[in-house]
Trainee: 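Quick one: structure below, then a few questions.
Residue numbering restarts at 1 for every chain, and letters A, B, ... go by the order of the sequence lines. Since we're looking at a predicted model, the values are computed, not measured. Just so you know, these numbers use all the heavy atoms, side chains as well, and skip hydrogens, waters and symmetry mates.
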2 protein chains.
Amino acid sequence: MERQAVGQVHVVLVGAGNVATHLGRALQRAGHVVKAVYSRTEASARLLSGELEVPAFTSLEELPEADLYVLSVKDDALSEVVSRLCPGREGSMFVHTAGSVSLSVFANKARQYGVIYPLQTFSRRHEVDFAEVPLFVEASDGESLRTLLGLARSLSRNVVEMDGLSRARMHLSAVFVCNFVNHLYALGEQAMEQCGLSFELLLPLIDETARKVHVLSPRKAQTGPAVRGDESVMARQEAMIDSPVVRQLYRLMSKSIENISR
Amino acid sequence: MERQAVGQVHVVLVGAGNVATHLGRALQRAGHVVKAVYSRTEASARLLSGELEVPAFTSLEELPEADLYVLSVKDDALSEVVSRLCPGREGSMFVHTAGSVSLSVFANKARQYGVIYPLQTFSRRHEVDFAEVPLFVEASDGESLRTLLGLARSLSRNVVEMDGLSRARMHLSAVFVCNFVNHLYALGEQAMEQCGLSFELLLPLIDETARKVHVLSPRKAQTGPAVRGDESVMARQEAMIDSPVVRQLYRLMSKSIENISR
């Protein structure tokens, strides 16, 4: 229904990483046309283009015409890709998908542009329900905004307009609740392996910890030695940690829990 | 079925916190008899005893006879409670539920004793499926071990015998994947609130991050600026953080991600 409002969009994917992969699948599933995939390296261009059954390119200049170019490349590379891709394509629209890069990366390079930031962690080999992925949209002008909101709504039930400053702050939050959380899972896995225990024993705890914050504020859900002020447990646990960085992390996390609980 | 093997056990709960609450509910549901609840403070003794419809006590000495006394008190208080509770009750069995306290806290104080450590985060107001909670059991002797394993299996499908050293290491892992993870959720919530955004926007990301490690090792599931080595994003994100402790945490987490990814 929403898709009819925006119509079928012809898209070129610039980048072939995790975000481009999941976005490409979602675009095709929603009935849009992925015309080509670009990647700097032929291998990764071919991996995604093979899956989507579209041509692969390793030269920005040779990319075909499209309604929309979706740039999902490393933040550091974005500015150069924009400079090389946009000239001579004034009839097209351009978006990037980065949380922490401003819309202004396109300024004076393109006429119509925007951002579609998917707030999710994507791994190539793990399927996600894209309809549930929150998409945050920003655009250069009212017409582009309407087009991008329409496109976004054809992919997800959860579309929000958001300016770049809020998006950057949300990306920071995402690093805490996703990237850093996953690293704590990795440290837990390491500690379990060191004593011959399976990481799987921790999964019910991991699930419940995530489930609980759906109904309780994380501040109210906090349990454990640090929030109880259980100094003797904390001293014993610290002494069990071999790595100096991880030990420092233990201390700092405990301190930060005490700070926020006060 | 398993319950028949162990028979109905008459239990006194010593402690009325989150663990005692969920254990008490599970014991009753499994057909065991909770004879009394003890807590140092009358209010918390009454809260749990009222829910379970059993007598409340604030004096250890006055507690009724039971097959089993389950001690779920702060780790720091455990030793004193053992010294006051055990004398004169040689016919009873005693267990504590602490991850990081050795079985030997009961040595020379009781004849038959053990540990039942539930690896889960419990909040009074959030129901959990106790049958899915992994229970780790250790005991003073073979007969006590059989009794406690039987009791544990009447409460949970997921019962494992484990010595105190492994239990302590697992408890440390649990602090990382649960208590510290929840604190990162709290920091994410704080950052969202600071720019007027709802914490709920982060929930699909939180869920997917937890779901992913059921099928991918956390080391393989790692995404984000630190594992990509995206220095410019990290510098900008660090600059957005007001709290010195949280900023230090950001740096240390990023460093630890780089360490483990190498």
Trainee: Please determine whether ring pair (Phe, Tyr, Trp, His ring centres under 6.0 Å) holds for the pair A/F180 and B/F180, giving the CA-CA distance in whole Å, both sets of side-chain angles, and the decisive distance to 0.1 Å.
Mentor: CA-CA 10 Å; A/F180 290 175; B/F180 289 176; over 10 Å; no
Trainee: With a 4.5 angstrom heavy-atom cut-off, could you sort out which part of B/Y185 is near chain A: side chain, backbone, both or neither?
Mentor: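 Both backbone and side chain.
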Trainee: Is chain B contacted by the side chain of A/P204, its backbone, both, or neither, given a heavy-atom distance below 4.5 Å?
Mentor: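 Both parts, heavy atoms under 4.5 Å.
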Trainee: Find the one option among B/S166, B/A168, B/G99 whose heavy-atom pairs under 4.5 Å with chain A are most numerous.
Mentor: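 The option with the most such pairs is B/A168.
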Trainee: Checking A/L197 against chain B: side chain, backbone, both or neither under 4.5 Å from a heavy atom?
Mentor: side chain
Trainee: How would you list, in number order, the residues of residues 207-217 of chain B that have a heavy atom less than 4.5 Å from chain A?
Mentor: B/D207, B/E208, B/T209, B/A210, B/K212, B/V213, B/H214, B/V215, B/L216, B/S217
Trainee: Looking at B/E231, B/E189, B/K220, which one has more heavy-atom pairs under 4.5 Å with chain A than the rest?
Mentor: B/E189
Trainee: Using a 4.5 angstrom heavy-atom cutoff, name the option from B/E200, B/K255, B/Q190 with the most pairs to chain A.
Mentor: B/Q190
Trainee: Quick one: which residues of residues 70-84 of chain B reach chain A at under 4.5 angstrom, heavy atoms only?
Mentor: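 Contacts with chain A: B/K74, B/D75, B/D76.
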Trainee: Let me know if B/Y250 has heavy atoms under 4.5 Å from chain A in its side chain, its backbone, both or neither.
Mentor: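 Contact with chain A is through both the backbone and side chain of B/Y250.
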Trainee: Tell me, for A/E238 versus chain B, whether the close heavy atoms (under 4.5 Å) come from the side chain, the backbone, both or neither.
Mentor: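 Neither part.
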Trainee: Could you look at A/A98 and say if it's the side chain, the backbone, both or neither that has a heavy atom under 4.5 Å from chain B?
Mentor: neither
Trainee: Let's test your reading of the structure: which of B/Q222, B/Q248, B/R228, B/R169 forms the most heavy-atom pairs below 4.5 Å with chain A?
Mentor: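 The residue among B/Q222, B/Q248, B/R228, B/R169 with the greatest pair count is B/Q222.
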